[in-house]
J.: 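My questions all concern the structure below.
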Amino acid sequence: MKITVENHTIEFNVQYGSRKKLSIHIDSAGFITVKAPNDTSQEIIMSAVKQHAAVILEKLNAIAKARDIPKTREYQDNGKFLHLGKYVHLHELIETDGLSEEELRVNLKKFYFASCKKTIGERIKIYQNQLKVKPKSVEIDESVTKWGSCSSDKKITFNYRLAMAPVQVIDYVIIHELCHLLHMNHDRSFWRRVGSLMPDYKEKEAYLAHYGQAMTL
């Protein structure tokens, strides 16, 4: 659904459920979700969004500024790089004193590999238990085209660049690949399983599509 307020278009998804009150949520990627009681009319939902339009637009502008993609990578102390969904100064991620640009590049990639391995290792346990599955192996690698993959022999691989994404987006990729242990293709059963653990998975897909170009070295 969408609404236009003072020449600004606000797009949002609606999730109905057994709740008492309507609430509006904006995630780190700027996706808006209105959670409403089952019997809520579209008129009431539109009115609520319009009533909070000023606050919503303010938050969206702040998110857009925070995610402004640098045109070039600056391998120096104050150069900014994505880590877990936020831009961080290079010196906050790795040691920079006395190192050449090439050494900084190499060490930063090592940092992302280690960070991805740690985060995936922690998060995958949660969803393995929920899905009652266990991959044969879990590896971190470098890929140009894929964020994750699951082979027919139950080996799962994740792209090291996921360490640049918010944890919720990393969770989506984990869930996606673990669900392939149950359904190797992308049929309805597969997506139902993904949605059972992460109802807003389409928002996470949209994040990767939109910000994937910034998640690189």
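Side-chain atoms are counted along with the backbone in the values below, which use heavy atoms only and exclude waters and symmetry mates.
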J.: Going by heavy atoms in the side chains, are L90 and K80 under 4.5 Å from each other?
T.: no
J.: Are Y112 and L217 close enough, and set up right, to give a side chain to side chain contact (heavy atoms under 4.5 Å, CB included), and what steps lead you there?
T.: CA-CA 10 Å; Y112 279 125; L217 296 180; 3.4 Å; yes
J.: Using the side-chain hydrogen bond (donor to acceptor under 3.5 Å, both in side chains) rule, collect all pairs that involve residues 172-183, keeping only residues at least two apart or in two chains.
T.: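 Counting only pairs at least two positions apart or across chains, the side-chain hydrogen bond (donor to acceptor under 3.5 Å, both in side chains) contacts touching residues 172-183 are Y172-H176, Y172-E205, H176-H180, H176-H186, H180-H186.
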J.: State plainly whether one hydrophobic cluster holds both Y127 and V167, where clusters connect Ile, Leu, Val, Met, Phe, Trp and Tyr through side-chain heavy atoms under 4.5 angstrom apart.
T.: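 Cluster IDs for Y127 and V167 match.
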J.: Is there a path of hydrophobic side-chain contacts, each under 4.5 Å between heavy atoms, that joins V55 and I24?
T.: no
J.: Evaluate the criterion side chain to side chain contact (heavy atoms under 4.5 Å, CB included) for residue pair K155 and C150; output intermediate values, then yes/no.
T.: CA-CA 6 Å; K155 294 180 180 179; C150 178; over 6 Å; no
J.: Are E139 and K117 close enough for a salt bridge, meaning some N to O gap below 4.0 Å?
T.: no
J.: When M164 is tested against each of V169, L84, L82 for side-chain contact (heavy atoms from CB on, under 4.5 Å), which residue passes?
T.: L82
J.: State, with a plain yes or no, whether a side-chain heavy atom of I175 is found less than 4.5 Å away from one of L178.
T.: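 I175 does not reach L178 side chain to side chain.
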J.: Please check if any side-chain donor atom of D141 sits under 3.5 Å from a side-chain acceptor atom of Y160, or the reverse.
T.: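 Side-chain D/A pair, D141 to Y160: absent.
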J.: Backbone N or O of L162 within a donor-acceptor pair of the N159 side chain at under 3.5 Å?
T.: no
J.: Donor-acceptor pairs under 3.5 angstrom involving side-chain atoms of residues 7-19: please list them, not counting sequence neighbours.
T.:
{"from": "N13", "atom 1": "ND2", "to": "E203", "atom 2": "OE2", "distance (Å)": "3.3"}

J.: Can you check whether K132's main-chain N or O pairs, donor with acceptor, with Q130's side chain at less than 3.5 Å?
T.: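 Answer holds: no.
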J.: Just by modelled atom types, is the D171 backbone N or O under 3.5 Å from a matching donor or acceptor in the R123 side chain?
T.: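 No.
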